[in-house]
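Single-structure report; data block below.
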2 protein chains.
Amino acid sequence: MDSGALRARPAATRRNARTHALEIIRQKIITLELAPGARLSENELAGQLGLSRTPIRESLILLAEEQLVFVVPQVGTLVAPILLSEIETAQFVRESLELAALSESVARATPDDIAELNAIIDAQRIADSRKTQAGFFTLDEEFHATLMGISGHGSAWRTVAQAKAHLDRARHLSLSFTGMSVLIDQHQVITDSLAAGNGDAAASAMREHLRRVFNDIAAVRQTNPELFTLDPSQ
Amino acid sequence: MDSGALRARPAATRRNARTHALEIIRQKIITLELAPGARLSENELAGQLGLSRTPIRESLILLAEEQLVFVVPQVGTLVAPILLSEIETAQFVRESLELAALSESVARATPDDIAELNAIIDAQRIADSRKTQAGFFTLDEEFHATLMGISGHGSAWRTVAQAKAHLDRARHLSLSFTGMSVLIDQHQVITDSLAAGNGDAAASAMREHLRRVFNDIAAVRQTNPELFTLDPSQ
DNA sequence: GCTGGTGTTGTTGCATGGTACAGCGCAGTG
DNA sequence: CACTGCGCTGTACCATGCAACAACACCAGC
């Protein structure tokens, strides 16, 4: 049969039309370029992206699994509303996993790991000074993903990232949330506590860090309550 | 049948061919009826299920997202090998989320909630006495899902269930794992501790419970090491 | 005016055909 | 014998056509 023959996944990285469409549509949903409640159409998206309906349709199925859109047969596909309940669930998942990972990282972090985290933080400070918000987003993700890798559960990042998408979408409601510098300082405290082997300090810093993001979202809710739906039937 | 666990999907859960195929194929993978490494074929599956390739293909894409199969573009679709690293990640995700949920449940559990848990446990004892293993599996899932619902994060069960699929697949390697009665007793300890408001006792009982399942898997690894792959390239 | 039926349009679900490519056997050559 | 190139086969990827159905406009009848 097929003994080995499993080459190191060129499949996952190979850009096919479906992956291409998925990333573009997901990004547009997270950045609110596609607003909650907006009607999507397989045909329309296919035309815009220069593809046929098939890869578009497959992308939408995956996005439905992520709860970013919902599909009503014979009616249409709609961008999911921003449900407070979804955000709270996402926050719960992210916080639980990141805190658990951090706890296990204390006994595992090597000097190289700490150096890597500090390198990312340095890059974040540069991005901050240049006011490149998009760059900071990428580096923020890299920091948290690296931290999860240090815990030995790097492949759990996929799960966190999925939850994070919902949080990020809510964050995008506010154009000016907490300044980057505050977040970067928190990254530094987490890293320093980890380097010092102080798990409790690292955990409380991480919790405060993640909660701050969540609180930003709550603040947006105060100013734009109409954007948040409590009842899915609404 | 399904209690509030699947309540996350409002009304859009109409049984279509894709969902039908997805559930059947996933079940066959988890129960090892489709062995790790087995070659799947859109055409062959379509023939077996009496469908066309389209819903089959969409199912396989979703299963690939769950890491239960992997697709190599012009080669074929294969059932994912049982990677120890995947199992450990799944255990990490499940344990983190269930313990975090349990912690929040202590202050929220009502007498009705406790009664509901006890009712499930009673049903489990009946299933045990009748040696209906399949029934116990369903009730076990219901117990844990209910517990997560009590924490107020019921929709996070979807995430736990996805991790659980990998654990269950590994468990199926062993036909006779830990007797049900031990697991039921642990459910009882967890429930009683929760009813008494003793969060620490509930947490340690839950940790022991989840670890026992994980240890069952480790035992299987001792007896059937060839079934576990450590290196994906192997 | 109001209600019920009907035709039109738009949508997703599913079926099917064409295409590019990986893998393999095999013949031909050095 | 070793090696290279060619063609055959099977696969996933994508394009496209058809069917089923929901929503809505509109009109006939009351």
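Order of the sequence lines sets the chain letters (A, B, ...), proteins ahead of strands, with each chain counted from 1. Hydrogens, waters and symmetry mates play no part in the numbers below; they use all other heavy atoms, side chains included.
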Give one of base, sugar-phosphate or nothing for L40(B), where a contact means two heavy atoms less than 4.0 Å apart.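 Sugar-phosphate contact only.
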Taking any heavy-atom pair under 4.0 Å as a contact, classify L60(A): base, sugar-phosphate, or nothing.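 Result for L60(A) = nothing.
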N/O to N/O distances under 3.5 Å, protein versus nucleotides 15-17 of chain D:
from    : atom 1 : to     : atom 2 : distance (Å)
dA15(D) : OP2    : S52(A) : N      : 2.7
dA15(D) : OP2    : S52(A) : OG     : 2.4
dA15(D) : O5'    : S52(A) : OG     : 3.2
dA15(D) : N7     : T54(A) : OG1    : 2.8
dT16(D) : O4     : T54(A) : OG1    : 3.3
dG17(D) : O6     : R53(A) : NH1    : 3.4

Measure [atom1]/[X] against [atom2]/[N] and give the value in whole Å, please.
| X | N | atom1 | atom2 | result |
| --- | --- | --- | --- | --- |
| N43(A) | dC14(D) | CG | P | 17 Å |
| L45(B) | dG10(D) | CG | P | 17 Å |
| I56(B) | dT16(C) | CD1 | P | 13 Å |
| I61(A) | dT12(C) | CD1 | P | 11 Å |
| E42(A) | dT12(C) | CD | P | 4 Å |
| E58(B) | dT16(C) | CD | P | 15 Å |
| L63(A) | dT12(C) | CG | P | 13 Å |
| R57(B) | dG17(C) | CZ | P | 17 Å |

Residues R53(A), E58(A): salt bridge by 4.0 Å N-O rule: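 No, this pair does not count.
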Less than 4.0 Å between a side-chain N and a carboxylate O, is that true for R158(A) and E65(B)?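 Judged by the 4.0 Å cut-off on N to carboxylate O distance, E65(B) and R158(A) do form a salt bridge.
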Could you measure the distance from the [atom1] atom of [X] to the [atom2] atom of [Y]? Nearest 0.5 Å is fine.
| X | Y | atom1 | atom2 | answer |
| --- | --- | --- | --- | --- |
| L40(A) | S59(A) | CG | OG | 11.0 Å |
| Q48(B) | S41(B) | CD | OG | 9.0 Å |
| L68(B) | I30(B) | CG | CD1 | 6.0 Å |

If a stem is a run of at least 3 consecutive Watson-Crick or G-U pairs, both distances under 3.5 Å, which stems include DNA chain C?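 As far as DNA chain C goes, consecutive pairing (with distances under 3.5 Å) yields the stems C:1-30 with D:1-30.
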So, D113(B) side chain and T110(B) main chain: donor-acceptor pair closer than 3.5 Å or not?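 Judged by distance alone, yes, a pair lies under 3.5 Å.
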Using a cut-off of under 3.5 Å, enumerate the N/O to N/O pairs linking the protein to nucleotides 6-10 of chain C.
none

Assess whether salt bridge (charged side-chain N to carboxylate O under 4.0 Å, His left out) is satisfied between R39(A) and E44(A), documenting all intermediate values. CA-CA 10 Å; R39(A) 286 183 58 121; E44(A) 190 181 343; over 6 Å; no
Ignoring hydrogens and geometry beyond distance, is a side-chain donor-acceptor pair present between Q67(B) and H166(B) at under 3.5 Å?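 No, no side-chain donor-acceptor contact under 3.5 Å.
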Looking only at the side chains, is there a donor atom on one of S96(B) and S96(A) sitting less than 3.5 Å from an acceptor on the other?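 The answer is no; no qualifying pair exists.
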Do H209(A) and F214(A) have their ring centres less than 6.0 Å from each other?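 Here the rings of F214(A) and H209(A) have centres that are no less than 6.0 Å from each other.
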Take the angle between the ring planes of H187(A) and H144(A) and call it parallel below 30°, perpendicular above 60°, tilted in between.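 The arrangement is perpendicular - the two ring planes meet at more than 60°.
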